[in-house]
Protein chains: 2
Amino acid sequence: MADPQWDPYDRNCPTRRVLDRIGDRWTVLVVGTLDDGPMRFGEITRRIDGISQKMLTQTLRGLERDGLVKRTLYPQVPPRVEYELTEAGRTLREPLKALEDWATTHIGGVLEAREQYDQAV
Amino acid sequence: MADPQWDPYDRNCPTRRVLDRIGDRWTVLVVGTLDDGPMRFGEITRRIDGISQKMLTQTLRGLERDGLVKRTLYPQVPPRVEYELTEAGRTLREPLKALEDWATTHIGGVLEAREQYDQAV
DNA sequence: CCGTATCCGGTCTGATACTG
DNA sequence: CAGTATCAGACCGGATACGG
């Protein structure tokens, strides 16, 4: 399947859909964190600065729904839940890394340009 | 500037900032469109399906502010305005392309997983 | 032609409180 | 520990009307 000659300016094209997916506040950070290996809910919470329980749950559910994260519940008391990237989830890391690299390299210039622009007003 | 050992889970890290920048609905599409070369406002509008004047203006202003797009006004009547990617703007295309490629390759699986997940409910 | 100004509804998020 | 429920504010984006 795939490749029905997508028009990139069509709102249903894959890129748009993927951006809607990862463009939110937390998804990229969660994927990046899980790249370190399987991890418990609490561990992820501690690693990501400022995320709330609600948003972490919501983000993980979304990723699980899209087959990018696998959720494993160990029926214990207290419960233990582990999350890990699926095969598909791991492949997402590469393009994300490219973006991170760009960010690190260019953020200085961007911030500088921003300051200049704001002063010119 | 740059490289004060960013904590990727800090909300001020470059990646986060860049994602806040390009994570919106239109920025990526505008950058992709301008990659074809300098272009007038109306031309961009026609190329991008569904964008409103307001959002195009807003997106272009943001990109201009960050030094990723250059705006040139030709003082004519009626006015003629051209937009083009700056050097920095062009470098952004590469990581964006990586994301597009991932999207094209994996969107099928994602959509499929989503369907299964939703049925399981 | 290329915008700006305004209103307004939907979504995203965070804070808080509660549960198996 | 790992969630769910609820509420309210911020923000995004679209529609519309008007201006240089």
Side-chain angles (χ1 to χ4, degrees), chain A residues 9-12 16-31 33-34 38-66 69-84 117 120-121, chain B residues 9-12 16-31 33-34 38-66 69-84 117 120-121:
Chain A
Y9 310 115
D10 175 356
R11 320 169 77 158
N12 280 323
R16 170 64 62 84
R17 281 170 179 270
V18 167
L19 275 167
D20 285 349
R21 180 86 215 58
I22 68 162
D24 66 21
R25 206 156 200 66
W26 302 110
T27 294
V28 168
L29 287 175
V30 170
V31 170
T33 303
L34 286 178
M39 215 170 292
R40 301 184 60 174
F41 187 92
E43 174 74 11
I44 308 175
T45 306
R46 277 186 300 279
R47 289 225 201 180
I48 302 182
D49 176 52
I51 196 169
S52 64
Q53 275 194 337
K54 173 189 164 182
M55 290 317 297
L56 181 53
T57 300
Q58 196 170 301
T59 303
L60 286 168
R61 287 291 173 281
L63 286 168
E64 191 195 354
R65 177 171 181 250
D66 288 351
V69 157
K70 177 164 166 253
R71 178 180 187 267
T72 309
L73 166 67
Y74 298 90
Q76 310 172 351
V77 177
R80 168 195 182 86
V81 183
E82 277 200 351
Y83 294 90
E84 60 185 314
Y117 184 95
V121 180
Chain B
Y9 309 115
D10 174 356
R11 322 168 76 158
N12 279 325
R16 171 64 62 86
R17 281 171 179 269
V18 167
L19 275 166
D20 285 349
R21 181 87 216 54
I22 68 161
D24 66 21
R25 207 156 198 67
W26 302 109
T27 294
V28 168
L29 288 176
V30 170
V31 171
T33 303
L34 286 178
M39 215 170 291
R40 300 185 61 176
F41 187 92
E43 173 75 12
I44 308 174
T45 306
R46 277 186 301 278
R47 288 226 202 179
I48 302 182
D49 176 52
I51 196 169
S52 64
Q53 272 196 337
K54 173 189 166 182
M55 291 317 296
L56 180 53
T57 300
Q58 195 170 300
T59 304
L60 287 168
R61 286 292 170 283
L63 287 168
E64 190 195 355
R65 178 171 181 249
D66 289 351
V69 157
K70 175 164 167 255
R71 179 180 187 266
T72 309
L73 166 66
Y74 299 91
Q76 310 172 351
V77 177
R80 166 195 181 87
V81 183
E82 277 199 353
Y83 294 90
E84 61 185 313
Y117 184 96
V121 180

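So you know, we letter chains A, B, ... as the sequences are listed, proteins then strands, and number each from 1.
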Q.
To check you understand the geometry: which heavy-atom pair defines the closest contact between B:Val30 and B:Leu63, and what is its length?
A.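 Looking at all heavy atoms of both residues, the shortest contact is CG1-CD1, 3.9 Å.
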Could you check how far [atom1] of [X] sits from [atom2] of [N], rounded to whole Å?
{"X": "A:Glu82", "N": "D:dG3", "atom1": "CD", "atom2": "P", "result": "12 Å"}
{"X": "B:Asp20", "N": "D:dC12", "atom1": "CG", "atom2": "C1'", "result": "13 Å"}
{"X": "B:Trp26", "N": "D:dC11", "atom1": "CH2", "atom2": "P", "result": "21 Å"}
{"X": "B:Ile48", "N": "D:dG13", "atom1": "CD1", "atom2": "P", "result": "13 Å"}
{"X": "B:Asp49", "N": "D:dG14", "atom1": "CG", "atom2": "P", "result": "11 Å"}
{"X": "A:Tyr74", "N": "C:dG20", "atom1": "OH", "atom2": "C1'", "result": "20 Å"}
{"X": "B:Ile51", "N": "C:dG3", "atom1": "CD1", "atom2": "C1'", "result": "14 Å"}
{"X": "A:Gln76", "N": "D:dG3", "atom1": "CD", "atom2": "P", "result": "13 Å"}

Q: Only counting residues at least two apart or in another chain, list the ones meeting side-chain hydrogen bond (donor to acceptor under 3.5 Å, both in side chains) with B:Arg71.
A: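 Testing B:Arg71 for side-chain hydrogen bond (donor to acceptor under 3.5 Å, both in side chains), a comparison that skips the adjacent residues, returns B:Tyr83.
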Q) What is the distance from atom CD1 of A:Ile51 to atom NZ of A:Lys54, rounded to the nearest 0.5 Å? A) 12.0 Å
Q) When all nucleic acid strands are considered with a 4.0 Å heavy-atom cut-off, which category describes B:Tyr83: base, sugar-phosphate, or nothing? A)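 Sugar-phosphate: the residue B:Tyr83, judged by heavy atoms under 4.0 Å, touches backbone atoms but no base.
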Q: Begin with the C-alpha distance, continue with both residues' side-chain angles, and end with the deciding distance and a verdict on side chain to side chain contact (heavy atoms under 4.5 Å, CB included) for B:Arg65 and B:Arg61.
A: CA-CA 6 Å; B:Arg65 178 171 181 249; B:Arg61 286 292 170 283; over 6 Å; no
Q) Quick one: is C:dT11 close enough that its OP1 or OP2 comes under 4.0 Å of any side-chain N or O from B:Arg25? A) no
(Q) Is the phosphate of C:dC2 approached by B:Arg46 (side-chain N or O, under 4.0 Å from OP1 or OP2)? (A) no
Q.
Quick one, B:Thr57 with B:Phe41, criterion side chain to side chain contact (heavy atoms under 4.5 Å, CB included). Give me CA distance, side-chain angles, the key distance, then yes/no.
A. CA-CA 9 Å; B:Thr57 300; B:Phe41 187 92; 3.6 Å; yes
Q. Got a donor-acceptor contact below 3.5 angstrom from the B:Arg21 side chain to the B:Gly62 backbone?
A.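 Between the backbone of B:Gly62 and the side chain of B:Arg21 there is a qualifying donor-acceptor contact (under 3.5 Å).
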Q. Quick one, which residues of residues 53-62 of chain B touch DNA chain C with a heavy atom under 4.0 Å?
A. B:Gln53, B:Lys54, B:Thr57, B:Arg61
Q: Specify the angle, to 10°, made by the local axes at the two ends of the helix from C:dC1-D:dG20 to C:dG20-D:dC1 when five pairs are taken at each end.
A: 50°
Q | Heavy-atom side-chain proximity of A:Glu84 to A:Thr72 below 4.5 angstrom | A |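 Yes, at least one pair of side-chain atoms sits under 4.5 Å.
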Q: Evaluate the side-chain proximity of B:Leu34 to B:Leu60: yes if any heavy-atom separation is below 4.5 Å, no if none is.
A: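 B:Leu60 vs B:Leu34: side chains touch.
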Q | First of A:Arg40 and B:Pro79 reached from the 5' end of DNA chain D, by closest nucleotide | A |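 Of the two residues, A:Arg40 wins.
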(Q) Before you tell me yes or no, could you show the steps for B:Thr45 and B:Arg40 under side chain to side chain contact (heavy atoms under 4.5 Å, CB included), namely the whole-Å CA-CA distance, both residues' side-chain angles and the distance that decides it to 0.1 Å? (A) CA-CA 9 Å; B:Thr45 306; B:Arg40 300 185 61 176; over 6 Å; no
